[in-house]
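These notes are about the structure you will find just below.
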2 protein chains.
Amino acid sequence: MRIGELAAQAGMTKDTIRFYEKVGLVAAHRLANGYRDFPPETVPWLRYVRTAQRLGFSLAEIARHGEDLRDAPDTAEALSALFAEKIQIIDARMAELGALRAELTARAGTGCPLRAS
Amino acid sequence: MRIGELAAQAGMTKDTIRFYEKVGLVAAHRLANGYRDFPPETVPWLRYVRTAQRLGFSLAEIARHGEDLRDAPDTAEALSALFAEKIQIIDARMAELGALRAELTARAGTGCPLRAS
DNA sequence: GTTGACCTTGGAGCGTACTCCACCCTTTAG
DNA sequence: CTAAAGGGTGGAGTACGCTCCAAGGTCAAC
């Protein structure tokens, strides 16, 4: 799969994918003419990258996780562990949001919410 | 309150506070000698800034919320509306996280989560 | 054999959020 | 009077994550 099709399927620009290759987030071998050739599983991988980014992981962290997965003896098991870890992060973040929400709700009735606390 | 004490109480560096002043996130009047003088409520405000940041708001968004508050400092009604708006944003963000959580939970059990979907 | 879509590279530039630096002034304690 | 602690400015630099551009090679269709 060449970069244009990958970009279309993953929903990002070619420039972004070239940038990701530069930082080691994706790998491609080259065709005889020098064009990048990506394996098809790069599509779900890039979608996963987007998801992980939305959860607040930096590209460096995501790249490291990818390496961990490649090194793992049982990929499915490692992925499940990784997802479980992310779910915990989501739960923590939701709890934080809930706390802020409660705080704002409580302050909404006061005269000067920012001065309180 | 001068910048050093504020920095200590808010848990950030003086440089960060000067930067925040530059981008309009905090305001200070000046003493006769040119030193910045911050009102005491800047401490909870900066703590609030940190919280909002952790929850994914950009400094620009936080600054805009602060301006909205300054534009209607006396109207409890307006304040309630602003907080309600923020709570809506939080709810939307929580819903998004909830969807991601569900997606990850569903994938965690599959043989090859990245290939699924 | 030329057009046009697609690909290559290197490098510049941008927005966000700081972080550090040099150099200089002010205040306070001894 | 001096030294230390604290404050001021402007500007450069950093890290991240892209984004855009120029100049040029490749390939299939007409």
Side-chain angles (χ1 to χ4, degrees), chain A residues 1-40 42-43 45-67 86 89 93 96 100, chain B residues 1-40 42-43 45-68 89 93 96 100:
Chain A
M1 181 184 269
R2 288 180 309 178
I3 198 167
E5 196 191 340
L6 178 61
Q9 288 196 28
M12 53 186 70
T13 69
K14 296 176 214 170
D15 271 337
T16 298
I17 292 170
R18 290 193 195 103
F19 171 74
Y20 283 176
E21 193 196 27
K22 199 158 67 184
V23 299
L25 254 180
V26 292
H29 46 88
R30 300 302 181 113
L31 300 172
N33 57 16
Y35 287 11
R36 286 171 184 83
D37 187 31
F38 296 92
T42 310
V43 175
W45 167 248
L46 284 180
R47 289 190 185 147
Y48 164 76
V49 169
R50 274 280 178 268
T51 301
Q53 257 189 311
R54 275 151 59 84
L55 293 176
F57 291 95
S58 70
L59 294 186
E61 285 173 312
I62 299 167
R64 192 169 46 70
H65 289 159
E67 275 168 39
K86 285 185 186 208
I89 289 164
R93 221 160 267 195
E96 263 187 298
L100 182 68
Chain B
M1 181 184 269
R2 288 179 311 177
I3 197 166
E5 196 193 339
L6 177 62
Q9 288 197 27
M12 53 186 68
T13 69
K14 296 176 214 170
D15 270 338
T16 298
I17 292 170
R18 290 192 195 105
F19 172 73
Y20 283 177
E21 192 197 28
K22 199 159 66 185
V23 299
L25 210 52
V26 291
H29 47 89
R30 300 303 180 111
L31 300 171
N33 57 15
Y35 287 13
R36 285 170 186 83
D37 186 32
F38 296 92
T42 310
V43 175
W45 167 247
L46 285 179
R47 287 189 185 146
Y48 165 77
V49 169
R50 274 281 175 269
T51 302
Q53 254 190 313
R54 233 184 27 254
L55 294 177
F57 293 94
S58 70
L59 294 188
E61 284 173 311
I62 299 166
R64 191 170 47 69
H65 292 158
E67 272 169 40
D68 289 350
I89 291 166
R93 232 159 248 199
E96 207 184 333
L100 285 167

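Chain letters run A, B, ... following the sequence lines, proteins first and then strands; every chain starts at 1.
In this structure, the helix from dG1(C)-dC30(D) to dG30(C)-dC1(D) shows an angle of 10° between the axis at its start and the axis at its end, each fitted on 5 base pairs and rounded to 10°.
Inter-residue side-chain proximity for Ile62(B) and Trp45(B) is flagged as met; some heavy-atom pair is nearer than 4.5 Å. The side-chain heavy atoms of Leu59(A) and Phe19(A), taken from C-beta on, include a pair separated by under 4.5 Å. Residues Leu31(A) and Arg2(A) are in side-chain contact: their nearest non-hydrogen atoms beyond the backbone lie under 4.5 Å apart. A heavy-atom distance below 4.5 Å is found between the side chains of Arg47(A) and Val43(A).
In 5' to 3' order, the nucleotides of DNA chain C bounding all contacts with chain B (an atom under 4.0 Å from a heavy atom) are dA17(C) to dT27(C).
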What N/O pairs connect the protein and nucleotides 3-7 of chain D at under 3.5 Å? Give each pair on its own line.
{"from": "dG6(D)", "atom 1": "N2", "to": "Tyr35(B)", "atom 2": "OH", "distance (Å)": "2.8"}
{"from": "dG7(D)", "atom 1": "OP1", "to": "Gly4(B)", "atom 2": "N", "distance (Å)": "2.7"}
{"from": "dG7(D)", "atom 1": "OP2", "to": "Lys14(B)", "atom 2": "NZ", "distance (Å)": "3.0"}

Just the atom pairs and distances: protein N or O near nucleotides 15-17 of chain D's N or O, under 3.5 Å.
{"from": "dG17(D)", "atom 1": "OP1", "to": "Leu59(A)", "atom 2": "N", "distance (Å)": "3.0"}
{"from": "dG17(D)", "atom 1": "OP2", "to": "Leu59(A)", "atom 2": "N", "distance (Å)": "3.4"}

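Between Leu6(B) atom CG and Ile17(B) atom CD1 the span is 4.0 Å, to the nearest 0.5 Å. Of the inter-residue distances, the one linking Thr42(A) atom OG1 with Glu21(A) atom CD reads 10.5 Å to the nearest 0.5 angstrom. Expressed to the nearest 0.5 Å, how far CG of Leu46(B) lies from CG of Leu25(B) amounts to 7.5 Å.
Place Ala32(A) and Thr16(A) on DNA chain D by their nearest nucleotides, and Thr16(A) ends up nearer the 5' end. Mapping Lys22(A) and Asp37(A) onto DNA chain C by nearest heavy atom places Asp37(A) at the nucleotide closer to the 5' end.
For Arg50(A), the side-chain contact (heavy atoms from CB on, under 4.5 Å) partners are Met12(A), Thr16(A), Tyr20(A), Gln53(A), not counting sequence neighbours. By the side-chain contact (heavy atoms from CB on, under 4.5 Å) test, Arg18(A) pairs with Ile3(A), Lys14(A), Asp15(A), Arg36(A), sequence neighbours left out.
For the pair Asp15(B) CG and dA12(D) P, the interatomic distance rounds to 16 Å; values are reported in whole Å.
Using a distance-only test at 3.5 Å, with no hydrogens or angles considered, no donor-acceptor pair links the side chain of Asp37(B) to the main chain of Arg30(B).
Closest heavy-atom contact between Ala27(B) and Pro39(B): O-CD, 4.0 Å. Of all non-hydrogen atoms in Tyr35(A) and Asn33(A), the two that sit nearest each other are N-OD1, 2.9 Å. For the pair Ala63(B) and Gly24(B), the tightest heavy-atom approach, listed with the atom from each and the gap, is CB-O, 4.4 Å.
Neither OP1 nor OP2 of dG25(D) sits under 4.0 Å from any side-chain N or O of Asn33(A).
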